[in-house]
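Everything below concerns the one structure shown next.
These numbers were taken from a predicted model, which means no experiment stands behind them.
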Amino acid sequence: MGSGRATAVVAALALVSGCSETAPTTSPSAPAPASSGTAVPTGTVELTVAATVATGIEVPWGLAFLPDKSALVAERDSAKIKRIAGQDVTEVGTVDDVKSSSEGGLLGLAVDPGYPGKPYIYAYYSGDDDNRIARITYQDGKLSDQQVILDGIPAAAIHNGGRLRFGPDGFLYAGTGDGSDRPNSQDDDSLGGKILRITTEGKAAPGNPDGRVWITKGHRNVQGLAFDGNQLYAAEFGQNTWDELNAITPGSNYGWPAAEGVSQLDGMVDPIAQWHTADASPSGIAFAKGYVFMASLRGQRLWAIPVAGGKRVGEPQAFFTSRYGRLRTVELAPDGSLWVTTSNTDGRGGTRDGDDRILRVTLSTS
């Protein structure tokens with residue numbers, strides 16, 4: 001079958017267990033109507049860089065907010081985690097056993113939904129032979145007691161995935177890459193090229209298809225995860241032609257390596273939007289006000305994609321093209337703004353004074 005209606009992730013898992021500039025999308029598929037009861041974005045969205053939150057961050061990757069509205073940011077190559085509170089940037093510790101490479105190192109971060117009662121953060125990082133997810137105690141402004149809860153995720157210099165996101169169901173989701181070995185994505189026994197859904201102990205979450213730790217396969221390199229309610233979206237790097245935004249349905253196959261972009265192959269789900277790799281190369285995504293916001297590296301822009309009910313419902317808009325360089329991560333802040341990190345010190349971009357930086361972006365719709 002080709003692309004079909006993507007159902008909400010949590011509901012599907014329950015069944016298993018029981019100044020702006022516009023740019024046209026390059027997707028040949030027309031937007032589909034949203035399912036009934038889903039709020040559809042109308043009008044236009046405007047984004048403004050209101051402030052620079054921090055400068056001089058070395059290859060920022062993961063970014064997660066704490067209940068006190070401060071944020072933790074991971075430096076990919078140094079393996080350091082820094083806390084940003086107002087204008088103050090302080091180092092809180094270093095994640096052990098991290099091996100950096102052109103795309104590997106200290107990657108995604110997530111804060112336990114029960115924090116501070118459960119004083120843990122979670123880190124996705126590259127080790128000597130694999131990618132791993134660790135639970136780390138974070139108390140009194142310091143890291144301690146690092147415990148690997150899941151290992152054996154294929155690793156290579158490239159295609160490591162790395163994004164972490166807690167879902168509304170309280171379970172931890174992780175996007176992985178194929179580890180530069182394409183067959184991993186279709187291999188049910190490999191954690192490569194998958195979206196994982198696990199408990200905070202690193203076990204398969206209740207309701208996962210067939211009791212596995214992963215819920216979808218056929219991905220090349222997932223570095224963006226975001227929820228709109230129970231609906232999960234994922235951004236994915238393509239090979240040479242098409243980058244993707246996918247609406248995630250548990251148990252589905254997203255096609256790699258047989259499919260790149262909209263391919264209409266039997267048994268594989270097509271993306272809801274696609275871009276030429278020069279216009280995107282997407283990493284982090286966030287959801288707000290009816291839009292998925294997608295940070296683009298090679299494309300050096302922030303995309304705003306209107307979505308509802310697992311469908312794209314309008315044309316994507318591009319913002320800040322080439323203004324700040326490579327954009328890696330975008331997160332919704334507690335005050336409703338977006339925090340966007342640049343990635344110009346990662347060896348693939350041209351650095352500018354103050355790089356890398358975190359930008360605070362305000363958004364409005366009309």
Side-chain angles (χ1 to χ4, degrees), residues 1-9 12 22-35 38 40-41 159 161 163 175-178 182-186 192-195 215-226 228 231-285 287 290-299 301-318:
M1 62 181 178
S3 61
R5 180 180 181 273
T7 56
V9 169
T22 59
T25 178
T26 53
S27 172
S29 56
S35 57
T38 301
V40 178
H159 301 187
R163 195 66 59 179
T176 76
D178 65 13
R182 295 183 181 189
N184 282 335
S185 297
Q186 295 295 329
K194 309 293 193 298
I195 292 178
I215 58 170
T216 59
K217 67 179 181 178
H219 301 285
R220 181 175 179 270
N221 191 13
V222 176
Q223 288 191 8
L225 298 172
D228 168 17
Q231 177 63 59
L232 177 62
Y233 295 93
E236 184 165 343
F237 283 88
Q239 175 69 24
N240 297 313
T241 308
W242 297 115
D243 294 321
E244 302 178 358
L245 178 68
N246 287 293
I248 299 303
T249 305
S252 294
N253 184 343
Y254 288 80
W256 179 255
E260 179 186 0
V262 176
S263 301
Q264 298 181 328
L265 299 180
D266 287 346
M268 298 179 180
V269 178
D270 281 334
I272 62 171
Q274 63 181 18
W275 296 262
H276 288 298
T277 54
D279 298 327
S281 297
S283 188
I285 61 174
F287 176 84
Y291 292 82
V292 169
F293 295 94
M294 186 176 80
S296 296
L297 293 162
R298 185 180 172 195
R301 65 199 75 181
L302 185 67
W303 286 100
I305 307 105
V307 296
K311 301 289 186 180
R312 177 172 61 84
V313 294
E315 293 301 319
Q317 288 178 269

Under a 3.5 Å distance rule, please check whether [X] uses its side chain to pair with a backbone N or O of [Y] as donor and acceptor.
| X | Y | result |
| --- | --- | --- |
| Asp178 | Asn184 | no |
| Glu244 | Phe237 | no |
| Ser281 | Gly299 | no |
| Glu260 | Thr241 | yes |
| Arg312 | Ala273 | no |
| Arg163 | Gly224 | no |
| Gln186 | Trp256 | yes |
| Lys311 | Gly309 | no |
| Thr176 | Lys194 | yes |
| Ser263 | Gly261 | yes |

May I ask you to test the [X]-[Y] pair for a side-chain heavy-atom distance under 4.5 Å?
| X | Y | result |
| --- | --- | --- |
| Leu225 | Ile195 | yes |
| Gln317 | Trp303 | no |
| Thr249 | Thr216 | no |
| Arg301 | Asp279 | yes |
| Met268 | Tyr254 | no |
| Asp243 | Pro282 | yes |

Grab the two heavy atoms, one from [X] and one from [Y], that are nearest each other, plus how far apart they are.
| X | Y | answer |
| --- | --- | --- |
| Gly267 | Asn253 | O-CB, 3.7 Å |
| Gly161 | Asn221 | N-OD1, 2.8 Å |
| Ile248 | Tyr233 | CG1-C, 4.4 Å |
| Leu297 | Ser283 | CD1-CB, 4.1 Å |
| Ala247 | Gly310 | CB-O, 3.5 Å |
| Gly290 | Pro41 | O-CG, 3.3 Å |

(message) Can you tell me how far apart OG (Ser252) and NE2 (His219) are? Round to the nearest 0.5 Å.
(response) 8.5 Å

(message) With side chain to side chain contact (heavy atoms under 4.5 Å, CB included) as the criterion, how do Gln231 and Phe287 come out once you've worked through the C-alpha distance, each side chain's angles and the decisive distance to 0.1 Å?
(response) CA-CA 10 Å; Gln231 177 63 59; Phe287 176 84; over 6 Å; no

(request) Report the C-alpha separation of Gln264 and Asp270 in whole Å, then their side-chain angles, then the decisive distance to 0.1 Å, and conclude whether the side chain to side chain contact (heavy atoms under 4.5 Å, CB included) test is met. (result) CA-CA 7 Å; Gln264 298 181 328; Asp270 281 334; 3.5 Å; yes

(request) Decide whether Arg298 and Thr277 meet the rule of one side-chain donor and one side-chain acceptor closer than 3.5 Å. (result) yes

(request) Check Ile285, Asp228, Ile272 against Val292 for a side chain to side chain contact (heavy atoms under 4.5 Å, CB included) and give me the one that passes. (result) Ile285

